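Proteins come first, then strands; the chains are lettered A, B, ... in the order of their sequence lines, and each starts at number 1. The figures that follow rest on heavy atoms only: side chains count, while hydrogens, waters and symmetry mates do not. In this text, all values refer to a predicted model and were calculated from it rather than measured experimentally.
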Amino acid sequence: MARATRDLVGELVRNALELAQADGALPPIQPIELRIERPKERDHGDYACNVALRLASSVRRPPMEVAEVISERIMRSAPIADVSVAPPGFINIALDPEWQRTQLLSVIEAGDQWGRIDLGAGRRVQVEFVSANPTGPLQVGNGRGAVLGDALAAVLDAAGYQVEREYYVNDAGAQIRLFGRTLNARYQQQFGREAAMPDGGYQGAYMIDLASQIKDEVNDRWLDDSGDPPAELSDRGLALMIEQIRADLALLRVEFDHWQRESALYDGDASTYSIAMQQLRDGGMVVEKDGAVWFRADELGDDKDNVLIRSSGEPTYFASDVAYHYDKFLLRGFDTVIDVWGADHQGHVARTKAAVSAVGGDGDALEVLLYQLVHLRRGDARVRMSKRTGEIVTLRELIEEVGADAARFFMLQRSADAQMDFDLEAAASADPRQNPANYVRYAHARCASVLRAADEAGLAPSSDRLDLLQEPQEAELVSEILRLPELVADMAAKREPHHITQYAQSLAQAFTQFYDHCRIVVAEEPQRSSARLTLTQASQAGLASALRLIGVEAPDAM
RNA sequence: GCCCCCGUAGCUCAGCUGGACAGAGCAACGGACUUCUAAUCCGUAGGCCGGAGGUUCGAGUCCUCCCGGGGGUGCCA
């Protein structure tokens with residue numbers, strides 16, 4: 001378990017600040033949050049701190065002077081080699097190159113787990129994502145939620161949280177009944193009967209496939225003239241549909257720890273649902289109006305009340321959600337729950353947080369990560385996602401066209417907030433210039449290839465003379481490799497896993513530049529070769545770690 | 001109407017909870033292969049960060065208004 005270098009540096013700066021106050025060079029001040037940044041400009045060192053600028057007005061001294069006072073008191077010992085002050089008041093910090101090179105050994109030891117930190121301290125986080133209705137196959141948009149949620153879970157796991165990935169299966173309610181009636185119609189049609197599709201029934205051909213499959217399994221055993229579909233038929237269809245969804249997600253390399261059934265919330269006399277509803281009633285959070293039961297969400301931050309139980313007596317989807325979040329927080333005791341939703345559910349955020357508070361949880365412990373729509377393109381041509389035009393619609397079709405690696409990498413290149421254009425042509429291309437997933441994969445494969453070539457030449461990695469790594473490309477590569485732990489910290493804290501793709505490209509580029517400028521395997525220079533092989537091993541570990549977080553394979557040859 | 005997201009290079013997008021001259025990839029142009037994978041690398045060009053005010057020592061980043069794109073606003077999910 002590594003500590004991010006940034007944290008080590010931050011500690012030394014904080015010590016210097018406290019020392020300055022202790023010896024009277026600075027007046028006592030309110031403790032402030034120290035932020036250590038990576039300057040954009042290489043000349044400004046490895047890290048920079050703006051604490052002097054932020055302190056200047058409260059201590060009534062010029063920023064440059066404050067910076068000097070702090071800078072003088074920063075220990076010039078590993079990992080720090082040099083500290084300088086630059087206008088208007090930045091403290092610039094250069095790391096000790098020798099110390100950095102030594103860190104490569106930890107990287108190699110960590111392998112594809114490099115970057116792991118202890119920010120989360122084992123706190124339990126649930127990430128619930130996809131959770132699409134099991135009334136049809138997953139669509140392309142569900143793929144974005146799948147990749148986003150899975151990568152976020154991976155990042156949180158790397159940051160030291162105890163993470164559970166969950167899929168919520170809406171297997172109750174009106175939609176499921178409609179699913180059953182549709183399937184029943186299709187099933188009867190399998191036997192040449194004239195069965196009308198229900199109003200608003202599911203038109204997709206997949207329903208015919210389901211009916212056909214069930215006919216193969218049980219023949220005419222579930223034919224029923226009463227009008228309502230036999231429960232066995234509906235249940236079997238649902239099971240097949242859920243299995244298909246699970247298989248589609250597995251193709252994307254997304255797997256869940258737990259599939260939570262909505263129907264299970266209603267099981268038994270003391271069901272989760274009834275307990276949660278009682279909780280709301282006891283708290284005076286419900287009101288009856290027009291024969292329906294409403295949640296008084298406006299008292300807890302939402303802008304309007306919401307129906308929990310229809311006048312027909314049937315609970316709404318929202319009522320299930322209340323029970324579900326009661327289950328998450330009060331029964332299962334997660335410290336934090338992150339729901340990953342499509343942006344079209346944006347209107348449900350306030351009421352769901354309010355519901356968490358109303359059932360005795362902490363509304364702020366529920367975080368909702370919204371992601372925007374995905375549009376498909378082929379080069380310059382917009383791909384219309386509609387069943388009528390026969391164009392690509394389902395997640396499975398997308399994966400079959402571009403592969404899981406490209407699908408995951410591309411889906412993760414944008415922030416969740418931004419609408420996304422997904423270029424099928426680029427994603428399907430093997431060319432690394434079109435397809436950055438391949439650029440990174442290729443860099444990893446090249447590491448493996450170089451290590452094989454070295455082995456054949458009788459050269460082995462060694463840390464004896466890492467001081468021979470003096471080229472600028474080597475220093476840059478070392479720095480880039482060592483950056484991962486703090487990136488993990490940032491991604492985890494901000495719930496923004498998409499930065500990992502940019503990092504992976506940047507690391508791959510640093511390695512490729514090193515490879516291009518520095519001959520690694522040179523029999524006549526065994527010591528330098530061995531040092532460079534160590535750097536190659538660490539690069540491979542770094543690339544493998546980044547690719548693992550993205551969920552893309554790290555091949556040894558391409 | 002009200003609420004949420006977005007508007008940064010020709011294109012697709014980053015920009016670290018305000019910081020040092022605005023970045024990447026692709027596309028464009030010019031170079032580099034007797035070499036461990038050229039599936040690569042080096043260089044050039046390209047921007048009033050949608051517009052107008054404001055806060056600040058400092059704004060792509062925060063506030064207000066306007067323009068443009070998307071989503072939401074059901075006893076649907």
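- A cation-pi contact, defined as under 6.0 Å to the ring centre and within 45° of the axis, links A:R351 to A:F318.
- Rounded to the nearest Å, the gap between the P atom of B:U61 and that of B:G69 is 22 Å.
- Under the 30°/60° scheme for interplanar angles, the aromatic rings of A:H348 and A:Y317 are found to be tilted.
- Taking 4.5 Å as the limit, every side-chain heavy atom of A:V374 sits out of range of all side-chain heavy atoms of A:Q419.
- No salt bridge links A:R38 with A:D46; every basic N to acidic carboxylate O contact stays at or beyond 4.0 Å.
- Nucleic acid contact class of A:C447 (heavy atoms, under 4.0 Å, all strands): none.
- Sorted by first then second residue, the ring pair (Phe, Tyr, Trp, His ring centres under 6.0 Å) pairs that include residues 502-540 of chain A, not counting sequence neighbours, are A:F511-A:F514.
- Residues A:I176 and A:N170 have side chains not in contact (no heavy-atom distance under 4.5 Å, counting atoms from C-beta outward).
- Residues satisfying the side-chain contact (heavy atoms from CB on, under 4.5 Å) test with A:A151, not counting sequence neighbours, are A:L412, A:P497.
- With sequence neighbours left out, the side-chain contact (heavy atoms from CB on, under 4.5 Å) criterion links A:R495 to A:L152, A:L156, A:Y161, A:T336, A:I338, A:E367.
- Among the protein residues, A:N306 comes within range of no part of the nucleic acid, since none of its heavy atoms lies under 4.0 Å from any strand.
- When the nearest nucleotides of RNA chain B are assigned to A:I36 and A:K40 by heavy-atom distance, the more 5′-ward of the two goes with A:I36.
- Within the 4.5 Å cutoff, side-chain heavy atoms of A:Q413 are placed close to those of A:Q505.
- Counting only heavy atoms from C-beta outward, the side chains of A:L459 and A:P526 approach each other to under 4.5 Å.
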Distances under 3.5 Å between nitrogen or oxygen atoms of protein and nucleotides 6-8 of chain B:
none

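- Among residues two or more places apart in sequence or in another chain, the side-chain hydrogen bond (donor to acceptor under 3.5 Å, both in side chains) test is passed with A:E496 by A:H499.
- Residues A:L484 and A:S545 form a side-chain contact, since some pair of their non-hydrogen atoms from C-beta on lies under 4.5 Å apart.
- Heavy atoms of A:L373 sit under 4.0 angstrom from primed sugar atoms or phosphate atoms, though from no base atom.
- Contacts classified as ring pair (Phe, Tyr, Trp, His ring centres under 6.0 Å) and involving residues 34-62 of chain A (residues at least two apart or in different chains) are not found.
- Centre separation under 5.5 Å together with a plane angle under 30° holds for the ring of A:F90 and the six-membered base ring of B:A20, marking them as stacked.
- Ring to ring, A:F129 and A:Y167 are not that close: their centroids are 6.0 angstrom or more apart.
- Applying the 3.5 Å distance criterion, the base of B:A20 shares no donor-acceptor pair with the side chain of A:N50.
- If you check the side chains of A:E480 and A:S506, you find a donor sitting under 3.5 Å from an acceptor.
- The side chain of A:H498 approaches B:G15 more closely than any other nucleotide in the set B:G71, B:U37, B:G15.
- Counting heavy atoms from C-beta on, the side chains of A:L55 and A:R61 never come closer than 4.5 Å.
- Annotation: proximity of residues 488-495 of chain A to RNA chain B (heavy atom, distance under 4.0 Å) is found for A:D490, A:K494, numbered in ascending order.
- For the segment residues 364-372 of chain A, residues with any heavy atom less than 4.0 angstrom from an atom of RNA chain B are, sorted by number, A:Q372.
- Helical stems of RNA chain B (runs of at least 3 Watson-Crick or G-U pairs, donor-acceptor distances under 3.5 Å) are listed by first residue: B:1-7 with B:67-73, B:10-13 with B:23-26, B:28-32 with B:40-44, B:50-54 with B:62-66.
- A:R38 comes within contact range of at least one nucleobase, with a heavy-atom separation under 4.0 Å.
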**Message:** Base contacts versus sugar-phosphate-only contacts with protein, heavy atoms under 4.0 Å: please encode nucleotides 72-77 of chain B as B, S and - from 5' to 3'.
**Reply:** S--BSB
**Fill in**
Nucleotide by nucleotide, nucleotides 38-51 of chain B touches protein heavy atoms under 4.0 Å in the pattern (B base, S sugar-phosphate only, - none) SBSSS---------
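- Base contact: A:A445 has a heavy atom under 4.0 Å from a base atom.
- For residues 55-67 of chain A, proximity to RNA chain B is found at no residue, defined as any non-hydrogen atom under 4.0 angstrom from a strand atom.
- Using a 4.0 Å cut-off between a side-chain N of Lys or Arg and a carboxylate O of Asp or Glu, A:E128 and A:K328 qualify as a salt bridge.
- Following rounding to the nearest Å, A:L412 (CG) and B:A14 (C1') show an atom-to-atom distance of 13 Å.
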